[in-house]
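Comments concern the structure below.
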Amino acid sequence: MRLDSSQSTEGLVIILGALAALPLVVAHGKVTVVQGDAGGNGTAPGIIGGIVPSTGSNSKTEIDSTVFKKTDTATDGLGKTTGGGKNKAENLAATIVQSGAVLPQIGSEGGFIKGTFHIVTTDGAGPINAIIDTNATGAFSMGVQATIVTAIPENKGNIKPGGLIPRALMVFGLQKRAANINLDFPFQINVPSNTSCTGTVAGQQGVCFMKIAKANKAGPFGDVIAFQMAGEATTGNMTVAPCMAGRSTAKSFRA
């Protein structure tokens with residue numbers, strides 16, 4: 001039986017509509033490494049290092065990029081990755097194995113986190129937001145806003161050396177995947193003065209979580225990293241001493 005043109009068009013609309021309704025759980029950027037102004041190193045739960053290819057399909061290049069449920073950064077949860085599933089607080093133990101025994105250490109007055117944001121595709125640029133959970137439970141809805149000092153270059157979330165590449169829109173709301181870009185950019189986030197970290201995670205005491213995320217509807221994506229306040233933190237039985245690294249100032253407010 002042959003379908004007339006109206007039936008064919010109706011069938012195409014139904015098929016494309018069903019495809020558009022499918023959840024697109026993808027993430028186009030990730031936090032690969034962080035340091036504190038007073039020492040220490042870290043990375044985000046879910047990051048699995050250099051074995052992830054830099055170009056290719058989402059299923060290959062974005063397996064360790066974290067995706068969050070909502071675009072609002074001040075919402076609870078640690079997100080999930082396609083390669084490892086739901087991020088959990090206890091995953092911090094694995095990140096310590098990757099990046100060293102001492103978590104990023106933050107000075108109590110005007111300290112900061114600096115790090116590298118890896119952009120996977122051309123629509124994976126900033127702007128980013130950051131919020132701190134001082135109890136290290138993932139309760140970012142009760143968190144303290146941090147200040148972005150060094151931002152990731154972008155134009156409406158898109159980036160390309162020398163200019164902007166807008167995403168190509170297909171009919172019925174479907175989108176063509178952005179091109180691989182595979183670039184690293186530095187960022188700095190000021191931690192509010194007098195922040196006190198009270199979490200205990202994976203044998204570490206005095207831990208805060210910081211959610212660094214971009215409010216992108218294709219994700220939203222980013223990462224959660226852990227840090228401690230220098231002079232207050234303990235790693236097992238070892239007290240971490242502060243150092244006098246460069247400092248900057250920031251004001252705090254409740255999200």
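Both backbone and side-chain heavy atoms feed into the values below; hydrogens, waters and symmetry mates do not.
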Within this structure, what is the [atom1]-[atom2] distance for the pair [X] and [Y], rounded to the nearest 0.5 Å?
X	Y	atom1	atom2	value
Leu92	Gln204	CG	CD	6.0 Å
Met210	Ile106	CE	CD1	6.5 Å
Asn91	Lys86	CG	NZ	11.0 Å
Ile189	Asn129	CD1	CG	9.5 Å
Lys30	Asp184	NZ	CG	9.5 Å

May I ask you to decide if [Y]'s main-chain N or O and [X]'s side chain share a donor-acceptor pair within less than 3.5 Å?
X	Y	value
Lys211	Asp133	no
Thr43	Thr32	yes
Gln228	Gln205	yes
Gln145	Ala130	yes

If you take all heavy atoms of [X] and [Y], which pair is closest and at what distance?
X	Y	answer
Ile96	Ala101	CG2-CA, 3.8 Å
Ala38	Ala230	CB-CB, 3.9 Å
Pro127	Lys214	O-CG, 3.4 Å
Ala226	Pro104	O-CD, 3.4 Å
Leu78	Phe140	CD2-CE1, 4.0 Å
Gly107	Asp37	N-OD1, 3.1 Å

Q) Run the side-chain contact (heavy atoms from CB on, under 4.5 Å) check on Lys114 and Thr150 step by step: do they pass? A) CA-CA 9 Å; Lys114 64 179 181 179; Thr150 303; over 6 Å; no
Q: Would you mind telling me which of Val191, Leu103, Val207 makes a side chain to side chain contact (heavy atoms under 4.5 Å, CB included) with Phe227?
A: Val191
Side chain proximity check, [X] to [Y], heavy atoms < 4.5 angstrom:
X	Y	value
Thr195	Thr134	yes
Pro192	Ile132	yes
Asp223	Ile212	no

Q. Which of parallel (below 30°), tilted (30 to 60°) and perpendicular (above 60°) describes Phe187 and Phe117?
A. perpendicular
(Q) Quick check on side-chain hydrogen bond (donor to acceptor under 3.5 Å, both in side chains): which of Thr75, Asp76, Asp72, Thr73 does Ser141 satisfy it with? (A) Asp76
Q. What residues, two or more places apart in sequence or in another chain, satisfy side chain to side chain donor-acceptor pair (under 3.5 Å) together with Thr198?
A. Asn135
Q: For Asn41, check side chain to side chain donor-acceptor pair (under 3.5 Å) against everything at least two apart and list the hits.
A: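 Result, side chain to side chain donor-acceptor pair (under 3.5 Å) vs Asn41: none returned.
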Q: Kindly determine whether Thr66 and Asn87 satisfy side chain to side chain donor-acceptor pair (under 3.5 Å), including the steps that lead there.
A: CA-CA 8 Å; Thr66 292; Asn87 292 330; 3.0 Å; yes
Q: Check step by step if side-chain contact (heavy atoms from CB on, under 4.5 Å) holds for Ile148 and Gln188.
A: CA-CA 6 Å; Ile148 309 298; Gln188 180 177 318; over 6 Å; no
Q | Shared hydrophobic cluster, Val33 / Phe112 (ILVMFWY, side-chain heavy atoms < 4.5 Å) | A | no
Q: Could you go through the side-chain contact (heavy atoms from CB on, under 4.5 Å) check for Thr81 and Ile63 one step at a time?
A: CA-CA 6 Å; Thr81 67; Ile63 58 174; over 6 Å; no
